[in-house]
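A short worksheet on the structure shown next.
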Amino acid sequence: MTSEAGQVVCVTGASGYIASWVVKFLLQRGYTVRATVRDTSDPKKVDHLLSLDGAKERLHLVKANLLEEGSFDSAVQGCHGVFHTASPFFDNAKDPQTELLDPALKGTLNVLKSCVKSKTLKRVVVTSSIAAISFNDRPKNPNVVVDETWYSDPEYCKRNGIWYNLSKTLAEEAAWKFVKENNIDMVTMNPALVVGPLLQPVLNTSSAAVLNLINGSPTFKNVTLGFVDVRDVALAHVLAYESASANGRYLLVDRVAHYSDIVKILRDLYPSLQLPEKCVDDKPYDPIFQVSKEKAKSLGVEFTPLEVSLKDTVESLKEKKFTNL
């Protein structure tokens with residue numbers, strides 16, 4: 001499944017944080033890209049894509065809506081590869097079913113139904129998340145290694161009100177069931193919290209988490225998370241498409257860290273910044289756990305160190321005027 005110049009591929013939700021980088025790398029490698037967005041006339045969604053190298057010759061914008069069955073048919077028709085990245089990601093949903101669960105689950109199945117109709121399709125690469133891997137009752141501590149064989153438990157997600165995690169868990173589960181029944185070659189990417197520079201002009205949820213720390217928040221969250229660079233995630237998508245032996249799920253994590261570690265890295269990088277001094281609560285910190293990088297490395301992914309990703313996030317937030325630092 002090597003990159004053939006001019007080969008046609010589709011990227012759904014192309015204006016998003018990860019997707020924009022996927023589009024950039026695909027164009028760099030000579031692909032012709034059909035990029036789906038909900039509104040092709042919205043400059044905030046499309047201008048940064050249209051300015052990418054190669055876009056004039058090989059980028060085609062296609063209007064499509066996750067919740068509209070059949071709306072991806074024309075985008076996917078004649079494509080060799082489909083990168084399905086479109087899925088809402090934000091905290092504090094007022095109506096999780098409508099805002100998160102339906103778009104993730106129905107949207108994924110709508111895209112896959114369009115894929116079934118395409119006779120040229122070789123492989124689908126779906127952006128899932130660590131949210132579909134590590135959220136369950138299994139103990140996590142420094143001796144535990146989380147890998148691609150782990151699955152999040154929907155009941156655990158419901159019990160803890162983590163609706164985004166539930167949306168990704170159900171969407172990935174439904175996708176695997178569908179592709180097995182319909183004989184589609186699918187690979188999923190399961191990144192942790194994604195940081196690094198932004199191509200798009202609007203603030204995304206994971207970059208907002210870093211912005212909150214550097215913009216004078218008095219406290220940091222009491223959360224231990226995996227972190228990964230957006231460029232590594234995007235490249236992993238492309239490599240998973242191009243590698244004939246790629247299969248199953250790929251956990252993408254450079255490092256597991258507590259928010260206190262993130263603040264410390266930022267303080268070392270930017271000593272003059274006013275960063276939060278204390279944790280939001282007095283509960284013990286969740287332990288750091290290990291993650292397996294073997295499968296991702298087998299694709300050729302070399303993870304960017306978290307310090308570099310965080311510095312590039314902050315510089316990008318400054319450049320895009322999200323902060324007056």
Side-chain angles (χ1 to χ4, degrees), residues 3-66 71-72 74-76 78-90 111 125 127 189 191 194-211 228-242 301 304 308-325:
S3 145
E4 293 165 31
Q7 208 180 65
V8 183
V9 293
C10 172
V11 179
T12 71
S15 60
Y17 181 39
I18 296 170
S20 296
W21 279 100
V22 173
V23 171
K24 181 183 168 91
F25 290 155
L26 287 166
L27 289 171
Q28 273 178 359
R29 289 161 105 94
Y31 290 97
T32 294
V33 181
R34 291 192 194 147
T36 80
V37 286
R38 267 178 308 198
D39 181 359
T40 52
S41 61
D42 180 350
K44 284 188 176 150
K45 297 279 188 205
V46 301
D47 280 6
H48 68 286
L49 297 173
L50 294 170
S51 68
L52 292 169
D53 284 350
K56 208 157 62 218
E57 301 77 28
R58 289 179 281 105
L59 179 69
H60 307 284
L61 298 174
V62 185
K63 190 178 160 116
N65 185 328
L66 280 177
S71 81
F72 290 89
S74 66
V76 169
C79 284
H80 294 96
V82 171
F83 297 84
H84 175 46
T85 71
S87 192
F89 171 36
F90 52 88
V111 171
V125 180
T127 313
M189 300 285 113
V194 183
V195 289
L198 302 79
L199 292 175
Q200 84 286 357
V202 289
L203 189 66
N204 58 295
T205 300
S206 55
S207 301
V210 178
L211 181 63
V228 64
D229 192 290
V230 66
R231 294 160 291 196
D232 300 343
V233 175
L235 183 60
H237 280 69
V238 179
L239 294 172
Y241 171 66
E242 291 180 351
V301 178
T304 304
V308 175
S309 303
L310 286 170
K311 187 173 198 313
D312 289 351
T313 310
V314 174
E315 293 305 319
S316 184
L317 290 167
K318 287 202 275 193
E319 183 200 338
K320 297 206 178 288
K321 310 249 187 309
F322 287 119
T323 176
N324 299 319
L325 296 174

Heavy atoms, side chains only, cut-off 4.5 Å: are Leu50 and Leu61 in contact? yes
Give the C-alpha distance, both sets of side-chain angles, the deciding distance and a yes or no for side chain to side chain contact (heavy atoms under 4.5 Å, CB included) between Asp42 and Val37. CA-CA 9 Å; Asp42 180 350; Val37 286; over 6 Å; no
Where is the tightest heavy-atom contact between Gly54 and Leu27, given as atom of each residue plus distance? O-CD2, 3.9 Å
Tell me, please, which residues at least two apart from Phe83 pass ring pair (Phe, Tyr, Trp, His ring centres under 6.0 Å). Tyr241
Do the non-hydrogen side-chain atoms of Arg34 and Val11 ever get within less than 4.5 Å of each other? no
Decide yes or no for Val9 and Leu26: does some side-chain heavy atom of the first lie under 4.5 Å from some side-chain heavy atom of the second? yes
Check whether any side-chain heavy atom of Val230 sits under 4.5 Å from a side-chain heavy atom of Val195, and report yes or no. no
Gap between atom CG of Leu235 and atom CZ of Arg29 - 0.5 Å precision: 6.0 Å
Within a strict 4.5 Å, meaning less than it, do heavy atoms of the Val194 and Ile18 side chains meet? yes
How far does CD of Gln200 sit from NE2 of His48, to the nearest 0.5 angstrom? 6.0 Å
What are the two closest heavy atoms between Ala14 and Val23, and how far apart are they? CB-CG2, 4.1 Å
Distance from His237 atom NE2 to Thr85 atom OG1, nearest 0.5 Å? 6.5 Å
Within the distance-only criterion (no hydrogens, no angle test), does the side chain of Thr36 pair as donor or acceptor with the backbone N or O of Gly13 below 3.5 angstrom? yes
Between His60 and Thr32, is the side chain to side chain donor-acceptor pair (under 3.5 Å) condition met? List the steps. CA-CA 8 Å; His60 307 284; Thr32 294; 5.5 Å; no
Does the Trp21 side chain pair with the main chain of Pro197, one donor and one acceptor, at a distance under 3.5 Å? yes
Check Leu199 against Lys24 and note the closest heavy-atom contact, atom names and distance. CD1-CD, 4.0 Å
So, taking the atom named CZ in Arg58 and the one named CG in Asp53, what distance separates them when rounded to the nearest 0.5 Å? 9.0 Å
Can you check side chain to side chain donor-acceptor pair (under 3.5 Å) on His84 and Thr127, steps first, answer last? CA-CA 6 Å; His84 175 46; Thr127 313; over 6 Å; no
Drop me the distance from Leu198's CG to Ser20's OG, to the nearest 0.5 angstrom. 9.0 Å
Closest non-hydrogen atom pair, Thr304 against Ser309: CG2-OG, 3.7 Å
Flag, side chain of Asp312 to backbone of Gly196, donor-acceptor distance under 3.5 Å: no
So, for Gly78 and Val8, which heavy atoms are closest and what is the spacing to 0.1 Å? O-CB, 4.1 Å
Point-to-point distance, once rounded to the nearest 0.5 Å, from OG of Ser74 to NZ of Lys63: 12.0 Å
Closest approach of Val62 to Ala75 (non-hydrogen atoms, all atoms of both residues): CG1-CB, 3.9 Å
Carboxylate-amine/guanidinium proximity below 4.0 Å for Arg231 and Asp229: yes
Assess, by modelled atom type and distance only, whether the side chains of Asn204 and Ser207 contain a donor and an acceptor separated by less than 3.5 Å. yes
Check the surroundings of atom NZ in Lys318: do more than 12 heavy atoms from other residues, nucleotides or ligands lie under 6.0 Å from it? yes
Checking the side chain of Thr12 only, and the main-chain atoms of Ala86 only, is there a donor and an acceptor separated by less than 3.5 Å? yes
With side chain to side chain donor-acceptor pair (under 3.5 Å) as the test, would you mind laying out the steps for Asn65 and Ser71 before giving the verdict? CA-CA 6 Å; Asn65 185 328; Ser71 81; 5.9 Å; no
Note, Asp39 side chain near Val46 side chain (heavy atom, < 4.5 Å): no
